[in-house]
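What follows is a set of notes on a single structure, which appears directly below.
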There are 2 protein chains.
Amino acid sequence: MRKDGIATREKILDGARDLVLRLGYSGMKIDHVLDHVGITKGAFFHHFKTKDELAKALLRRYADQDAQIYAETRAQAEKLSDDPLQQILIFIRLFEDMFNGMTEPYPGCLLASYVYELQQFDDETRSLLHETFARWRALLQEKFELIVKQHPPKTPVSPAQLADGFTVVLEGAFILAKAMNDARMAGEQLRLYRNHIELLFDVPAQMRAAA
Amino acid sequence: MRKDGIATREKILDGARDLVLRLGYSGMKIDHVLDHVGITKGAFFHHFKTKDELAKALLRRYADQDAQIYAETRAQAEKLSDDPLQQILIFIRLFEDMFNGMTEPYPGCLLASYVYELQQFDDETRSLLHETFARWRALLQEKFELIVKQHPPKTPVSPAQLADGFTVVLEGAFILAKAMNDARMAGEQLRLYRNHIELLFDVPAQMRAAA
DNA sequence: GCCTAAACAGACCAAACGGTCCGGAAATAT
DNA sequence: ATATTTCCGGACCGTTTGGTCTGTTTAGGC
């Protein structure tokens, strides 16, 4: 199988993603992708009409892969407990473990790199970014709404804001991790976020090491 | 005063900063800056030898301005209370008020936009990024070390991680604010962060509305 | 084996881009 | 007033970049 179009397309997407996370979208030049992947212009433009089309394909694929990880992690958490509060804590814990197992800083979130070049992109791409973040919010917001009904928080809180907090911590930690070259940043900051939830809903200490 | 070199230089820096925050560093083209500022190539390259030199000047200026805001806010917090815990809470609260007064999302942190194109820059620039974030950490870490001595935390915590938490929340909130076009994001998430500190060090409710 | 269409290689192109150069205007020193 | 330096306008240049085009190779149906 020397000529597998789908495989080549995936290789292009992988290479482009790596380069975007290191150089930004504008910094990622097509010629650079060609070298990195080991193909030629003919191959590239056979799979993608323009660089913008690559950008959209890249974003869609990243959003889909991310949604899958979220869904799997959520399912795993729901299997381990029936209590939505415990589910959230397990959910966070599972993400912590993901990042704690890494030796280098997480290369970064593709969405964030797009956000910092937002004006480069058209409305369709911007909408896709908006929707993806909104989906992440909805996923956790739903849980937090159940939680506040069953476990009275020590302070009045907004489920939506708590849900955004997860993404905020992740995105912020990625930035600091890259700048400080510290692979532990994401796991540590997620642990802090989890600690906040535990304090907020008064989780007893012996119930915290669930996962 | 028709020909004020310093004023022109500042105008270039302002315009370039705006464009970098919208388009990223690579996306910010010199010709675009010229249009935006209303000058010509001759003027630009009279003040900056290369685009890279502009990048460094931009970063240094941003870091300095930021350090000044931090120092002023810190001084203001220290004037309002002698207790380091209250100082931190006031400090956060003052930042909240800053962002809550804005009608559009904060345009973003220049450091973060550099971080997401990190490989574009040389060692000197990368070091400057590292040092700037390290300084932000040191500023709050110092306070948190005093706090944990005087106010036993409900959970064992690392002052350095708590300090990073502030930056993490800010950077993450900027990203979400831009993506969701939500000006309130930064203030809300800082309020959540402050809530975490209050719960962690068991601040009574009536002592929370200090500022 | 043959045909067709997808998958590629690589020369080529026009526009964009960072940067140079020189002339001239404006401030400042003498 | 004159000289000198700073500041700036704008034409110009070489390289880079996204994209095109033509030809060639490979996979798969018949």
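Values below: all heavy atoms of this structure, side chains included; hydrogens, waters and symmetry mates excluded. Within every chain, numbering begins at 1; the chains are lettered A, B, ... in the order of the sequence lines, protein sequences first and strands thereafter.
- Counting to the nearest Å, the C1' atom of D/dG18 and the CD atom of A/Gln120 are 13 Å from each other.
- One interatomic measurement links the two molecules: NZ of A/Lys11 to C1' of C/dA7, which rounds to 12 Å at whole-angstrom precision.
- Distance CG (A/Asp31) to C1' (C/dA11): 13 Å, rounded to an integer number of Å.
- Regarding B/Ile12, its CD1 atom lies at a distance of 11 Å from the P atom of D/dC7, rounded to whole Å.
- Listed nucleotides D/dG19, D/dT17, D/dC8 differ in distance to A/Lys29; the shortest reach to its side chain belongs to D/dT17.
- With rounding to whole Å, B/Lys49 atom NZ is found 17 Å from C/dC21 atom C1'.
- You'll find the ring centres of B/Tyr116 and A/Tyr114 outside the 6.0 Å limit.
- Using a 4.0 Å cutoff on non-hydrogen atoms, the parts of residues 33-45 of chain A near DNA chain D are A/Lys41, A/Phe45, ordered by number.
- Going from atom NE2 of B/His46 over to atom C1' of C/dG18 covers 19 Å, rounded to whole Å.
- Looking at residues 13-27 of chain B, you'll see that no heavy atom sits under 4.0 Å from any atom of DNA chain D.
- A distance of 8.5 Å separates CG in B/Leu85 from CD in B/Glu198, rounded to the nearest 0.5 Å.
- Between B/Tyr193 and A/Tyr193, the ring centre distance reaches or exceeds 6.0 Å.
- Between the CD atom of B/Glu10 and the P atom of D/dC8 there is a distance of 13 Å, given to the nearest Å.
- Of the charged side-chain nitrogens involved, none lies within less than 4.0 Å of a carboxylate oxygen, so that A/Asp31 and A/Lys29 do not count as a salt-bridged pair.
- At least one side-chain nitrogen or oxygen of B/Thr8 sits closer than 4.0 Å to the OP1 or OP2 atom of D/dC8.
- If you take CZ of A/Arg9 and C1' of C/dC8, they are 16 Å apart, rounded to a whole angstrom.
- The backbone N or O of A/Ala177 lies less than 3.5 Å from no partner atom in the side chain of A/Tyr106, so there is not a single donor-acceptor pair.
- Applying the side-chain hydrogen bond (donor to acceptor under 3.5 Å, both in side chains) test to every pair with at least one member in residues 166-180 of chain A, sequence neighbours left out, gives no pairs at all.
- Atoms CD1 and CD1, on A/Ile197 and A/Ile88 in that order, are 7.0 Å from each other to the nearest 0.5 Å.
- B/Leu13 CG to B/Leu58 CG: the interatomic distance, rounded to the nearest 0.5 Å, is 6.0 Å.
- Residue pairs satisfying the salt bridge (Lys or Arg N to Asp or Glu O under 4.0 Å) criterion with at least one member in residues 136-147 of chain B, sequence neighbours excluded, are listed as follows: B/Arg74-B/Glu142, B/Glu78-B/Lys143, B/Arg137-B/Asp164.
- Here B/His47 reaches the OP1 or OP2 of D/dC8: one of its side-chain N or O atoms lies under 4.0 Å away.
- At least one donor-acceptor pair closer than 3.5 Å links the side chain of B/Asn100 to the backbone N or O of B/Glu96.
- DNA chain C lies under 4.0 Å from at least one heavy atom of each of the following residues of residues 50-58 of chain B: B/Thr50, B/Lys51.
- Every pair passing side-chain hydrogen bond (donor to acceptor under 3.5 Å, both in side chains) that includes a residue from residues 17-27 of chain A is listed here, sequence neighbours excluded: A/Tyr25-A/Asp52, A/Ser26-A/Glu117, A/Ser26-A/Gln120.
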